[in-house]
Engineer: 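Quick one: the structure is below, and I'll ask about it shortly.
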Amino acid sequence: MSDPAPTRMTYREACKQAIRDALNADPNCFVMGEDVGRYGGCYAVTKGLLEEFGLERIRDTPLAESVIAGAGIGAAIGGMRPIVEIMTCNFSLLALDQIVNNAASIPHMSGGQFAVPVVIRMATGGGRQLAAQHSHSLEGWYAHIPGIKVLAPGTVEDARHMLAAALADPNPVLIFEHVMLYNEEGDLDPAVDAVDISSAKVRRDGKDVTILTYGGSLPKALEAAEELARDGIAAEVVDLRVLRPLDDATIFASVMRTRRCVIVDEGWRSGSLSAEIAARLADELFFELDAPVRRVCTREVPVPYAAHLEAEALPQVADIVTAARRLAKPQ
Amino acid sequence: MTGKLKIGKEHGQRLFREMLRIRRFESKCAQLYQAEKIRGFLHLYDGEEAVAVGVMQALQPEDAVVATYREHGHALARGIAMEPIMAEMFGKVEGCSRGRGGSMHLFDRATRFLGGNAIVGGGLPLAVGTALADKSLRPGAITTCFFGEGAAGEGEFHESMNLAALWKLPVLFVCENNLYAMGVPLEVAEADTEIFHKAKAYGIEGEQVDGMNPVAVEIAAQRAAEAIRAGKGPYFLECRTYRFRAHSMFDSQQYRTREEIEQWKERDPLSHMQQWLTDAHLMTAEELAAIEAQVDEEIEKAVAFAEAGTWESVEDLERFVTMDEVPQ
């Protein structure tokens, strides 16, 4: 018996299918956010869903991030399963109070009496010349906070299936969709109808150096690995997928094999997720490492508009290749 | 007493007893604070009891309550037992938040008491959300959201007013206007000091109520709850009240005069209620004594319960940071 042919779709379409499935599966699930209905979503993820599900389940909201997030949190406490969309993580700063002081805190602060099973999706990252207030990668900040789970789907498969796992989780889950991925196409294995939201995944095997990354930097890391292979360097690419809680076991196992590690993180370097991972590697694998851990991060500037400046600011394939080459010499 | 509500003996005594429970509970808390049994912040509700007690008369068991960090009164009036509240103040595992919340974060699933929220204005979006869920899952249920007038300065207040009105959500907004946001006088913080005007700007029915009078508050809350349950959307009560004590235990009250405090104390809801019940022959001296004895006994038992309570195991420090399931 031959396997059915894989389905090819864009990351955007995968996100939409995931939402459609969730709405069909649970009458208490609904979508709310700015421009999710009539406009079809700022990045067109929810386009067409209003016609399919109606105004009660695809709820356009005022431009009011705090009450959008807070109402989602309250509705989750009240028994609904809201999918909240915040246009970009840059705007989520207006909702930080609700996310940190309520969603992340109430389960513990109430002694476990209330869970907050809300899902909040937002776009993240740069590369589209949208300048400083639309291009930042703030998922690392959220990964700082106990009480929430932070997901970064970097593949079409994860975009397709992470949402269901997030909705099934009793905790607040934040999903960061990188803006440069929405148009990316990928194959969906028809045999896979679910993914976990607990593990990191090795996306390419290699023995010479580990490249740890996630989200929008994953395709860049894979391209870099391809280029390194031409030099005879076998880079292993690990997709973190889940930024909180981090899957230390998979990270450590890979670095134990290669003994060298480059972390690619589109957040700024100072106080970043990459810094946390580097510290964990230093704590746990100090004597296993053959070289210092290197990091490729966004330059410490508000991401600028001009194409050449933006490109200079963000992590690029060449930066990853250079960092990896310095660690692992061609054999 | 104003309004059209006919207050019988049982009803009148209930209002008085509930206010007395709060007043004496908190007086005991202040002592226990000095004795260092209670630590952290302690925000007392003295003078404002009529608001919580009056509003709670209009609520049903299926309703939800979102309160502030000055919420001992709301918790008691909502029907959370005094023992787990006091144990929470002590930080004991028998407390209503297992010692993780303390004075500012009392929670109780059984009465849908969704916490004291210590971010000014932070509870309003949450209340909009529970009301949104209730509209689908518990038709007829309402969420009552308490906040101070200081919250009117926050963006979250305005975002919440608008969305609740826009989606006609069953929220009873109760502004406890005690004239000072910590030490900031109302007129220093608000361009329009009539807070209920702001609700009207969002098309929400709103009114100003004498927050020193539990009957007036109850009448207004009943009227509000009835309108909300009839599907007319949110309702806004601005209860004018006054805090007799300091903002917290660390406040030298430079921002107001002793004379002002004394003037407001002449309007003490407890002594007025007591006088009124006595004059109207609704409470005898013996009944008063019995109520006082009951309340004192309840407090004594609550303190003993808290004293006898145990500490959460430090191994469980991280328990409930993430949940394994949604409690049903």
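Order of the sequence lines fixes the chain letters, A, B, ..., with proteins taken first and strands second; residue numbering starts at 1 for each chain. Fair warning: this is a prediction, and the values are worked out from it, not measured in the lab.
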Engineer: Specify which of B:Ala141, B:Ser160, B:Ala64 makes the most heavy-atom pairs with chain A at under 4.5 Å.
Structural biologist: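 Looking at each option in turn, the highest pair count goes to B:Ser160.
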Engineer: Please walk me through it: do A:Arg57 and A:Glu52 pass salt bridge (charged side-chain N to carboxylate O under 4.0 Å, His left out)?
Structural biologist: CA-CA 10 Å; A:Arg57 304 192 67 199; A:Glu52 217 173 316; over 6 Å; no
Engineer: Can you tell which of A:Ala71, A:Pro172, A:Ala69 has the highest number of heavy-atom pairs within less than 4.5 Å of chain B?
Structural biologist: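 If we count pairs closer than 4.5 Å to chain B, A:Ala71 comes out on top.
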Engineer: Please classify the contact of A:Arg81 with chain B as side chain, backbone, both or neither, using a heavy-atom distance under 4.5 Å.
Structural biologist: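 Contact with chain B: side chain only.
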Engineer: When you look at B:Arg138 and B:Glu62, which way does the salt bridge (charged side-chain N to carboxylate O under 4.0 Å, His left out) test go after all the steps?
Structural biologist: CA-CA 8 Å; B:Arg138 298 171 197 85; B:Glu62 68 271 21; over 6 Å; no
Engineer: Name the option with the most non-hydrogen atom pairs under 4.5 Å to chain B; the candidates are A:Gly147, A:Gly111, A:Ala104, A:Gly70.
Structural biologist: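 The residue among A:Gly147, A:Gly111, A:Ala104, A:Gly70 with the greatest pair count is A:Gly111.
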Engineer: Do B:Asp134 and B:Arg112 meet the salt-bridge criterion of a basic N to acidic O distance under 4.0 Å?
Structural biologist: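 Between B:Asp134 and B:Arg112 there is a salt bridge, with a charged N closer than 4.0 Å to a carboxylate O.
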Engineer: Using every non-hydrogen atom in the two residues, find where A:Pro62 and A:Ile68 come nearest and quote the distance to one decimal.
Structural biologist: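 Of all heavy-atom pairs spanning A:Pro62 and A:Ile68, the closest is O-CD1, 3.5 Å.
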Engineer: Which one, B:Glu88, B:His105, B:His158, B:Arg98, leads in non-hydrogen pairs under 4.5 Å with chain A?
Structural biologist: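 Sorted descending by pairs with chain A, the first entry is B:His105.
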Engineer: Given a strict heavy-atom distance threshold of 4.5 Å, which part of A:Glu56 is in contact with chain B: side chain, backbone, both, or neither?
Structural biologist: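 When you check distances to chain B, no heavy atom of A:Glu56 falls under 4.5 Å.
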Engineer: Less than 4.5 Å to any heavy atom of chain A: does that hold for the side chain of B:Asp316, its backbone, both, or neither?
Structural biologist: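 B:Asp316 has no heavy atom closer than 4.5 Å to chain A.
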Engineer: Given a strict heavy-atom distance threshold of 4.5 Å, which part of B:Leu106 is in contact with chain A: side chain, backbone, both, or neither?
Structural biologist: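 Looking at B:Leu106, nothing touches chain A.
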Engineer: When heavy-atom pairs shorter than 4.5 Å are enumerated against chain B, which of A:His108, A:Lys149, A:Met80 gives the highest number?
Structural biologist: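 Ranked by heavy-atom pairs under 4.5 Å with chain B, first place is A:His108.
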Engineer: What residue, out of A:Ala64, A:Pro27, A:Pro117, A:Pro146, has the most heavy-atom pairs lying under 4.5 Å from chain B?
Structural biologist: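 Between A:Ala64, A:Pro27, A:Pro117, A:Pro146, the count favours A:Ala64.
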Engineer: Could you tell me which non-hydrogen atom of A:Leu273 sits nearest to which non-hydrogen atom of A:Ala143, and how far apart they are?
Structural biologist: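 Minimum heavy-atom contact is CD1-CB, 3.9 Å.
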Engineer: Among B:Phe147, B:Phe146, B:Phe113, exactly one meets ring-ring contact (aromatic ring centres under 6.0 Å, His included) together with B:His74. Which residue is that?
Structural biologist: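 Of the listed residues B:Phe147, B:Phe146, B:Phe113, the ring-ring contact (aromatic ring centres under 6.0 Å, His included) partner of B:His74 is B:Phe146.
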Engineer: Ring pair (Phe, Tyr, Trp, His ring centres under 6.0 Å) for A:Tyr142 and A:Phe176? Distances and angles first, verdict last.
Structural biologist: CA-CA 10 Å; A:Tyr142 288 100; A:Phe176 290 85; 5.6 Å; yes
Engineer: With under 30° as parallel and over 60° as perpendicular, where do the rings of B:His247 and B:His43 fit, or are they tilted in between?
Structural biologist: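 Judged by the thresholds at 30° and 60°, the geometry between B:His247 and B:His43 is perpendicular.
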Engineer: For each of A:Pro107, A:Pro82, A:Gly72, tally heavy-atom pairs with chain B at distances under 4.5 Å, and name the one with the top tally.
Structural biologist: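 Between A:Pro107, A:Pro82, A:Gly72, the count favours A:Pro107.
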